[in-house]
Amino acid sequence: MTACNFGNVEFFNYDWKSVGKWNFTFLFGSVLGGFLGGYVFTNPEPIQLAASTISDLQALGIQDFSGLVPDDLFAWNALGSVTGLIVLIVGGFLVGFGARYAGGCTSGHAISGLSDLQLASLLAVIGFFIGGLLMTYLIYPFILS
Amino acid sequence: MKFTEYLKYLLIGLVFGFVLIKSEVVSWFRIQEMFRFDSIHMYGIIGLAIIVGIISVQIIKRKNLKDVDGKAITIPPKDASQVTRYILGGSIFGLGWALLGACPGPMFALLGSGLTIMVIPILAALLGTYTYGILRPKLPH
């Protein structure tokens with residue numbers, strides 16, 4: 001057990017074998033679901049985005065609108081640019097750190113927590129939008145320029 | 001636990017990943033659109049999921065429904081007095097959600113769809129989780 005807990009951090013001292021197995025199975029299932037939905041039965045059409053979003057993103061330099069995510073940011077060669085590194089690495093880090101700090105993510109707080117009418121989840125969702133709006137309107141324009 | 005007992009988790013995960021892709025909530029574009037309030041798309045999906053969830057939770061609680069193992073279903077409440085944790089932690093998550101355009105579930109569904117680059121944000125997210133584990137005693141909650 002501790003073999004997977006580098007540095008023996010207290011937060012990770014739980015019996016991951018009993019708790020983790022179904023989690024891992026579920027996670028593997030969601031990768032399979034992504035394969036079925038996004039690779040086997042893939043939608044060849046571009047997403048029907050709002051015209052105002054498309055023009056906003058074009059003004060920020062996004063060129064590829066053909067798939068679920070822009071090729072400009074989500075390709076291996078994006079790791080060669082500062083923008084790509086920030087989006088993929090800093091973005092991923094903040095999602096992981098924030099989801100643990102807030103005790104849940106979109107499905108955890110916004111959907112499950114609000115379904116159980118939990119005030120804590122409403123606070124977390126307010127936080128999601130504080131961070132999301134700051135990023136979208138104030139920070140992202142600098143990252144993409 | 002035998003393999004057949006895991007099958008239900010595999011199938012529920014599979015449906016989860018499939019729906020995430022087909023509803024386009026895994027799309028970086030849809031997240032950009034949502035935070036610009038340019039479309040009802042994301043709000044409609046999340047809002048409808050919450051309505052279905054509220055009804056389901058109420059049925060579970062009022063009828064005292066049991067899970068597949070015959071045990072009572074209990075949902076432990078979150079401590080809403082930890083305002084710092086939810087607002088600050090939520091804001092950090094929100095910064096990442098808007099930046100990457102994907103939350104934890106979609107990262108894995110996108111990986112399955114053939115977007116191999118997603119291993120990078122997945123590893124970064126694991127590092128973020130690990131960092132939280134280390135800093136946890138020092139952070140305000």
Side-chain angles (χ1 to χ4, degrees), chain A residues 9 11-12 22 25-27 29-39 47 49-50 52-53 57 68-70 74-76 87-89 91-103 105-107 110-112 114-116 118-120 123-124 127-136, chain B residues 6 9-10 13-14 16-18 21-22 24 26-29 32-33 35-36 38-39 46 49-50 53-54 57 75 78 80 83 86-87 89-100 103-105 108-115 117 120-121 124-129 131-134 136:
Chain A
V9 180
F11 184 57
F12 302 113
W22 76 264
T25 313
F26 178 86
L27 194 67
S30 64
V31 175
L32 277 184
F35 176 70
L36 273 181
Y39 191 84
I47 289 182
L49 276 181
S52 46
T53 303
L57 294 175
L68 285 168
V69 296
F74 293 86
W76 284 99
V87 170
L88 297 168
I89 296 179
F93 184 91
L94 293 175
V95 166
F97 186 91
R100 280 294 92 232
Y101 196 176
C105 59
T106 323
S107 9
I111 296 180
S112 308
L114 291 185
S115 292
D116 191 35
Q118 301 249 0
L119 178 61
L123 293 175
F128 296 171
F129 272 83
I130 294 173
L133 293 175
L134 275 176
M135 179 56 70
T136 304
Chain B
Y6 280 102
Y9 302 119
L10 189 76
L14 193 144
F16 183 60
F18 190 83
I21 294 274
K22 286 304 178 196
E24 297 175 351
V26 299
S27 170
W28 180 89
F29 295 115
Q32 291 289 320
E33 188 185 54
F35 282 127
R36 286 178 164 78
D38 280 348
S39 165
I46 296 176
I50 294 170
I54 289 175
V57 170
I75 307 171
K78 296 264 184 187
V83 178
Y86 295 115
I87 295 289
S91 298
I92 293 171
F93 176 82
L95 285 168
W97 190 20
L99 184 56
L100 180 66
C103 39
F108 289 92
L110 283 171
L111 176 68
S113 79
L115 207 65
I117 186 68
I120 300 297
L126 287 174
L127 185 68
T129 307
T131 307
Y132 170 73
I134 293 171
R136 189 170 189 258

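Basis for what follows: all heavy atoms, side chains included, without hydrogens, waters or symmetry-related copies. Letters go in sequence order (proteins before strands), and every chain restarts at 1.
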Over all atoms of both residues, closest heavy-atom pair of [X] and [Y]:
X: Ser107(A); Y: Phe16(B); value: OG-CZ, 4.1 Å
X: Leu68(A); Y: Glu24(B); value: CD2-CG, 4.2 Å
X: Lys78(B); Y: Gln118(A); value: N-OE1, 2.7 Å
X: Ala80(B); Y: Ala120(A); value: CB-N, 3.7 Å
X: Val95(A); Y: Pro104(B); value: CG1-CD, 3.7 Å
X: Ile46(B); Y: Ile111(A); value: CG2-CG1, 4.1 Å

- Query: Mind checking what makes ring pair (Phe, Tyr, Trp, His ring centres under 6.0 Å) contact with Phe108(B), not counting sequence neighbours?
  - Reply: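 Counting only residues at least two positions away or on another chain, Phe108(B) forms no ring pair (Phe, Tyr, Trp, His ring centres under 6.0 Å).
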
Whether Asp38(B) side chain and Thr53(A) backbone form a donor-acceptor pair below 3.5 Å
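Checking the backbone N and O of Thr53(A) against the side chain of Asp38(B), a donor-acceptor pair under 3.5 Å is found.
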
Is the backbone N or O of Gly17(B) less than 3.5 Å from a side-chain atom of Ser30(A), with the two atoms forming a donor-acceptor pair by type?
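No, the answer is negative, given that no donor and acceptor are paired below the 3.5 Å cut-off.
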
**Message:** Counting only non-hydrogen atoms closer than 4.5 Å, does Arg36(B) touch chain A with its backbone (N, CA, C, O), its side chain (CB onward), both, or neither?
**Reply:**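 For Arg36(B), the contact with chain A is made by backbone and side chain together.
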
Quick check on Ile134(B) against chain A: is it the side chain, the backbone, both or neither that has a heavy atom closer than 4.5 Å?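 Contact with chain A involves both backbone and side-chain atoms of Ile134(B).
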
Checklist line | Distance, nearest 0.5 Å, that separates CE of Met135(A) from CG of Leu100(B) | finding: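 It is 10.5 Å, given to the nearest 0.5 Å.
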
(request) Starting at CZ of Phe26(A), measure out to CG of Leu14(B) and round the result to the nearest 0.5 Å. (result)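 Here the rounded value is 10.0 Å.
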
For the interface with chain A, which of [options] has the highest count of heavy-atom pairs at distances below 4.5 Å?
options: Ala124(B), Ser27(B), Gly53(B); result: Ala124(B)
options: Ala49(B), Ser91(B), Ala109(B); result: Ser91(B)
options: Ile87(B), Ile21(B), Leu95(B); result: Leu95(B)

Which atoms of [X] approach chain B - backbone, side chain, both or neither, heavy atom under 4.5 Å:
X: Leu57(A); result: side chain
X: Thr106(A); result: both
X: Ala75(A); result: backbone

Q) Heavy atoms, side chains only, cut-off 4.5 Å: are Phe12(A) and Thr129(B) in contact? A)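 Side-chain contact under 4.5 Å: yes.
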
### Query
Picking from Tyr132(B), Tyr86(B), Phe93(B), what satisfies ring pair (Phe, Tyr, Trp, His ring centres under 6.0 Å) with Tyr101(A)?
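When ring pair (Phe, Tyr, Trp, His ring centres under 6.0 Å) is applied between Tyr101(A) and each of Tyr132(B), Tyr86(B), Phe93(B), only Tyr132(B) qualifies.
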
request  = Go through the structure and list residues passing side-chain contact (heavy atoms from CB on, under 4.5 Å) with Ile117(B), not counting sequence neighbours.
outcome  =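 Scan of Ile117(B) (side-chain contact (heavy atoms from CB on, under 4.5 Å), adjacent residues dropped) gives Phe74(A), Trp76(A), Leu79(A), Leu88(A), Leu115(B), Ile120(B).
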
Mind ranking Leu32(A), Leu119(A), Leu49(A), Thr136(A) by heavy-atom pairs under 4.5 Å with chain B and telling me who comes out on top?
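Winner by heavy-atom pair count: Leu49(A).
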
